[in-house]
Amino acid sequence: MKSQQQDEIEQAFLPIARPSTGPEEVEAVRQVLESGWLTQGPFVSRFEKAFAARHGATHALAVTSCTTALHLALVVLGIGPGDEVIIPAFTWVATANVVVHCGATPVFVDVDPISFNVEPAAVRAALTARTKAVIAVHLFGRVAPMDELRVVIPASIPIIEDAACATGASDQGRPAGSLGVMGCFSLHPRKTVTCGEGGVVTTNDGELALLLDTYRNHGASIPEEVRHRGARPWELPEFKVFGFNYRMTDIQAAVAEVQLRKLDRFLEERRALAALYDDRLKRIEWLKSPDRPDHMGHSLQAYVATVDSRIGALSRNRILEVLQENKIGARPGTHAVVALEAYRSRFGVDPQRFPGALEAESQSIALPLHNEMGASDIERVVQVLENAA
Ligand SMILES: *Cc1c(COP(=O)(O)O)cnc(C)c1O
């Protein structure tokens, strides 16, 4: 968190998110640049070990984004044309796009507009003989109801965690990334820790880890750095599958490793700022703070409140406008993917079947929350909101 003095200097515009980096990240990048090895190498390995340990998983594989992490997860499960993958109707569009990229069909399940998560009973109702996987999304850092989902979903159907927002999140002390067959994380600057662009897949399954490793590197039978540093670097690897280049660079891994060391402090700061929002927003009847159950180690990737426009005079969009006019960045929570043109036209999805997702999209408001802001910024946001209605 920054000091009062910095607050005053930077009061010009308060962004919704802002990466928090310092001289440690710069130094880490310098080391990589001077090492003569820039692509996936020793820094990636070190970052992966640290990430796996922090998230209670045996394996972690660094990739280029959470989107490519999710794509790889579906690929290594062998998902393809004719298969169905169940996903929430309210999520970032990437959760759905990766299903389409596999040639499979996304099957949407409505969400509860309070938790922003799917209800296990609704997931059960969406199961068919063609269901090959379920993607549970830990939206905004709130872990999906994994135990309840596991009970209603047959054991033969794997649950993938879309943990894009859930680096460092947990439920009853169990970390996100250790709760499904694979956990897919994002290192985009809108998330809790970042390296520009990046992603991670975690798993406790050694065979899947091996497949993930192969598919992220063109399908090569051995990783580049192992080959180049081994006894026969001139021997080209065998390619038994059609892979991708989803490798993370050592430059990004060096930054990500430093960020991961700061994760617990970042989470603590985010939780303190969120608690302050919770307290101050009690004064505003028409704005509901995000629901955060006690057993949940919510990672607060975003602080997403809900506007009740029946009580307040202003619509959610008007409130976004007022905040912008007052130099405060705010955004809708995320998409009702079912209402997006691509999904309506290709899959004939009727958005009206997803009232929870539509309500979440039209009433949610993500307020500024990041590690470069302080208590006075929260007071400022709340003051503008109070004067808005
Ligand atoms: C951000 C996000 C993604 C995509 O992450 P990238 O690293 O940007 O590809 C996927 N799913 C959810 C829920 C997200 O919030």
Side-chain angles (χ1 to χ4, degrees), residues 16-19 47 51 55 60-75 85-102 106 108-109 111 115-118 133-146 159-169 176-177 179-180 182-202 212 216 244-249 252-253 255-256 259-260 270 290 298-304 331-338 340 342-343 357 360-361 364 366 369-370:
I16 182 157
R18 191 185 169 132
F47 167 63
F51 197 93
H55 292 85
L61 292 103
V63 292
T64 51
S65 68
C66 181
T67 305
T68 54
L70 287 164
H71 187 209
L72 272 190
L74 294 176
V75 166
V85 178
I86 294 178
I87 58 171
F90 182 67
T91 180
W92 181 240
V93 67
T95 317
N97 285 348
V98 292
V99 177
V100 180
H101 292 322
C102 290
F108 295 98
V109 168
V111 300
S115 69
F116 301 122
N117 281 156
V118 291
V134 173
I135 303 180
V137 180
H138 305 326
L139 202 60
F140 311 134
R142 176 181 170 139
V143 176
M146 298 298 288
I159 306 176
I160 298 166
E161 300 172 73
D162 178 340
C165 312
T167 303
L179 305 172
M182 284 172 275
C184 301
F185 293 83
S186 174
L187 299 164
H188 183 275
R190 266 297 297 272
K191 320 296 183 184
T192 41
V193 289
T194 185
C195 61
E197 297 276 3
V200 181
V201 189
T202 54
L212 289 163
R216 77 169 156 181
F244 309 93
N245 177 0
Y246 284 169
R247 294 184 309 250
M248 178 184 277
T249 70
Q252 288 160 305
V255 174
Q259 289 267 296
L260 192 62
R270 281 171 181 268
H298 199 302
S299 62
L300 286 154
Q301 175 263 334
Y303 186 90
V304 183
R331 298 283 184 274
T334 189
H335 295 285
V337 177
V338 287
L340 298 175
Y343 286 90
E361 179 181 79
S364 61
L369 184 72
H370 54 80

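Both counts, for ligands and for their atoms, begin at 1 and track the order of listing.
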Worksheet item: Can you check whether Leu70 reaches Asp162 side chain to side chain, under 4.5 Å on heavy atoms?
Response: yes

Discussion item. Are the side chains of Val75 and Cys102 in contact, using a 4.5 Å heavy-atom criterion?
Written reply: yes

Worksheet item: Hey, which atoms in ligand 1 end up nearer than 4.0 Å to a heavy atom of Thr95?
Response: 11 (N)

Worksheet, complete the sentence: Looking only at protein heavy atoms, what sits closest to atom 11 (N) of ligand 1 is Asp162 OD2, 2.8 Å

Worksheet item: Where's the contact between Thr68 and ligand 1, heavy-atom distance under 4.0 Å: side chain, backbone, both or neither?
Response: neither

Worksheet item: Taking all atoms of both residues into account, what is the closest heavy-atom pair of Met182 and Ala73, and its distance?
Response: CE-O, 3.5 Å

Response to the item:
for atom 9 (O) of ligand 1, nearest protein heavy atom and its distance come out as Thr67 OG1, 2.5 Å

Worksheet item: Side chains of Ser364 and Phe116: does their closest heavy-atom pair fall under 4.5 Å?
Response: yes

Worksheet item: If we only count heavy atoms from C-beta on, is the His138 to Met146 side-chain gap below 4.5 Å?
Response: yes

Worksheet item: Do the non-hydrogen side-chain atoms of Tyr343 and Pro106 ever get within less than 4.5 Å of each other?
Response: yes

Worksheet, complete the sentence: Checking heavy-atom distances from atom 2 (C) of ligand 1 to each of Arg190, His188, Lys191, the winner is Lys191

Discussion item. When you compare the side chain of Arg270 with that of Leu369, does any pair of heavy atoms fall below 4.5 Å?
Written reply: yes

Item to complete: Under 4.0 Å from a heavy atom of Val137: give me the atoms of ligand 1 that qualify, with their elements.
Response: 13 (C)

Practice prompt. Just jot down the ligand 1 atoms closer than 4.0 angstrom to any heavy atom of Ala164, in number order.
Written response: 2 (C), 3 (C), 10 (C), 11 (N), 12 (C), 14 (C), 15 (O)

Worksheet, complete the sentence: the protein heavy atom lying closest to atom 7 (O) of ligand 1 turns out to be Ser186 OG, 2.7 Å

Worksheet entry | Heavy-atom gap Cys165 to ligand 1 smaller than 4.0 Å | yes

Worksheet item: Val193 versus Leu187: any side-chain heavy-atom pair under 4.5 Å?
Response: yes

Practice prompt. Please report which non-hydrogen protein atom sits nearest to atom 5 (O) of ligand 1, along with the residue it belongs to and the distance in Å to one decimal place.
Written response: Cys66 CB, 3.2 Å

Worksheet item: Near Thr91, which atoms of ligand 1 are under 4.0 Å from a heavy atom of that residue?
Response: 13 (C)

Discussion item. Within the 4.0 Å heavy-atom shell around Ser65, which atoms of ligand 1 are there?
Written reply: 7 (O), 9 (O)

